[in-house]
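Accompanying notes for the structure given below.
Chain letters run A, B, ... following the sequence lines, proteins first, then strands; residues in each count from 1.
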Amino acid sequence: MTEETIGQFKNSFYYGSRSDMNFKFLKDLPDEQVENFLQELLWELGDTLDDGNLERIIGHIYQYQQKGYAGTGRFTYSSSAFTRVQLPINKMRFALISSSGHFVKGQDPNPFGVENMTQKQAEDRITDFIRLEPELISIPTNTPTDQLGVRHGGYDVRGAIMDRNVNFPIDRLNELAAEGVVGEFASPAYSFVGACSQMRLQKHALPRWIDTLKSEAVQGLILVPV
Amino acid sequence: MEESGIVTVVIATGVFSDRIKSMHLPRLVSTNFPMGRPLGAPLDREMQKEVLLSALDLIENANEAGVTTVFKGRYRPGNF
């Protein structure tokens with residue numbers, strides 16, 4: 001049996017033998033930081049055994065996820081367009097787009113022609129997804145919870161399975177519309193798989209998405225990158 | 001989106017704060033929540049709504065591009 005190096009160990013969480021979307025960031029940390037992450041995590045678990053306080057564990061994971069995704073990435077812009085709001089929000093019509101990977105059951109987009117693709121299969125095909133033009137999936141805002149599916153090869157979907165509102169807040173926006181906080185919440189809401197070709201998203205998909213929203217008289221848009 | 005007259009706000013976890021800051025988004029609410037759960041923990045309806053209200057406040061009150069609100073609420077799973 002050959003010994004595993006720390007480098008092999010950390011890489012295994014990134015679509016490897018220990019693939020884990022919550023901890024795939026370990027691959028991008030120097031070995032010493034991986035060792036610190038684990039040692040500190042175990043120490044804090046010891047404290048949590050005694051006081052039951054999970055906050056330190058959550059904070060620890062958040063802090064190291066942030067270290068793992070540090071750096072500006074490939075897409076930097078020095079400025080952006082800005083539209084001034086014309087109406088109070090209780091007169092505005094809002095839409096939602098999330099990169100969460102939700103879809104209505106029975107209308108599975110079947111990526112790459114694969115029927116009923118599993119989360120595991122999506123993770124296994126991540127390199128195919130990131131070359132793909134994203135497909136905007138329409139989701140009526142009255143879709144019952146048990147009729148909504150979620151699959152995304154880039155993040156751990158278990159929280160979104162437990163409650164879609166963690167990254168696709170259609171129930172909360174329905175409530176805000178019913179309470180009169182916002183004028184309207186437009187149906188359908190939209191989701192797509194954010195692990196996609198960013199170039200194709202910008203050049204090909206986005207102009208069509210804007211046309212769609214304009215045709216639906218959307219004035220305000222909540223965007224949730226996951 | 002903004003060029004076409006649609007007012008936008010982004011809600012994102014601060015895990016990606018370096019990358020998102022470098023995009024100079026028109027309006028951003030950044031939450032201290034783990035990756036994959038930018039609105040808060042499952043079933044934490046109150047926190048999810050507070051995050052959305054924070055985003056709507058930016059829609060209503062931001063006067064220039066690049067305004068960021070760092071949402072102060074803590075991620076609190078369970079007990080709902």
Considering only heavy atoms and a distance below 4.5 Å, find which of [options] pairs most often with chain B.
| options | value |
| --- | --- |
| A/Arg164, A/Lys214, A/Arg172 | A/Arg172 |
| A/Ile89, A/Val85, A/Val224 | A/Ile89 |
| A/Ile61, A/Leu176, A/Ile161, A/Leu206 | A/Leu176 |
| A/Gln63, A/Met162, A/Gln219 | A/Gln219 |

[X] portion near chain B, given a 4.5 angstrom heavy-atom threshold:
| X | result |
| --- | --- |
| A/Gln65 | both |
| A/Val157 | neither |
| A/Ala70 | both |
| A/Ile58 | side chain |
| A/Glu55 | side chain |
| A/Asn22 | side chain |
| A/Phe94 | side chain |
| A/Met92 | side chain |
| A/Leu173 | both |
| A/Pro207 | neither |

Q. Quick one: CG on A/Asp28 to OH on A/Tyr64, what's the gap to the nearest 0.5 Å?
A.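 It is 15.0 Å, given to the nearest 0.5 Å.
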Q) Which distance, rounded to the nearest 0.5 Å, do you find between the NZ of A/Lys10 and the CZ of A/Arg18? A)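 Result: 13.5 Å between the selected atoms.
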Pick from [options]: which one has the most heavy-atom pairs with chain A under 4.5 Å?
| options | value |
| --- | --- |
| B/Lys21, B/Arg76, B/Arg74, B/Glu60 | B/Glu60 |
| B/Asp44, B/Leu43, B/Asn32, B/Ile59 | B/Asn32 |
| B/Glu3, B/Lys49, B/Met1, B/Arg19 | B/Arg19 |
| B/Pro77, B/Gly66, B/Ala62 | B/Ala62 |

Q: Decide salt bridge (Lys or Arg N to Asp or Glu O under 4.0 Å) for A/Lys120 and A/Glu123; before the verdict, give the C-alpha distance in whole Å, the side-chain angles of both, and the deciding distance to 0.1 Å.
A: CA-CA 5 Å; A/Lys120 170 75 167 57; A/Glu123 291 176 20; over 6 Å; no
Q: Determine the sole option in A/Ile139, A/Val166, A/Asn167 for which the side-chain contact (heavy atoms from CB on, under 4.5 Å) test with A/Ser100 is passed.
A: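 One option only clears the test, and that one is A/Asn167.
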Q: Output yes when A/Arg56 and A/Glu40 qualify as a salt bridge under the 4.0 Å nitrogen-oxygen rule, no when they do not.
A: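 Looking at A/Glu40 together with A/Arg56, the answer is no, because their closest N to O distance does not fall below 4.0 Å.
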Q. Can you say whether the rings of A/Phe23 and A/Phe37 are parallel (under 30°), tilted (30 to 60°) or perpendicular (over 60°)?
A.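 Tilted, since the angle between the ring planes falls between 30° and 60°.
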**Q.** Region of B/Asn61 that comes under 4.5 Å of a non-hydrogen atom in chain A
**A.**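 For B/Asn61, there is no contact with chain A at all, as no heavy atom is under 4.5 Å.
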(Q) Ring centroids only, cut at 6.0 angstrom: are A/Trp209 and A/Phe192 within range, meaning strictly under it? (A)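 Yes, they do, as the ring centres are separated by less than 6.0 Å.
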Q. Taking atom CZ of A/Arg93 as the centre, does the number of heavy atoms from other residues, nucleotides or ligands within less than 6.0 Å exceed 12?
A.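 Result for CZ/A/Arg93: enclosed.
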Q | A/Leu96 vs A/Phe168 side-chain heavy atoms within contact, under 4.5 Å | A |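 Side chain of A/Leu96 against side chain of A/Phe168, heavy atoms only: contact under 4.5 Å found.
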Q. Quick one: does A/Asp156's side chain get under 4.5 Å of B/Met35's, heavy atoms only?
A.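 No; the side chains remain at least 4.5 Å from each other.
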Let me check something: any side-chain donor-acceptor pairs from residues 9-17 of chain B under 3.5 Å, sequence neighbours excluded? List them with distances.
unit_1  : atom_1 : unit_2  : atom_2 : d
B/Thr13 : OG1    : B/Val15 : N      : 3.0
B/Thr13 : OG1    : B/Phe33 : O      : 2.5
B/Ser17 : OG     : A/Gln66 : NE2    : 3.4
B/Ser17 : OG     : B/Gly14 : O      : 3.1

Q) Sequence neighbours excluded, which residues qualify as salt bridge (Lys or Arg N to Asp or Glu O under 4.0 Å) partners of A/Asp50? A)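 Applying salt bridge (Lys or Arg N to Asp or Glu O under 4.0 Å) to A/Asp50 gives none.
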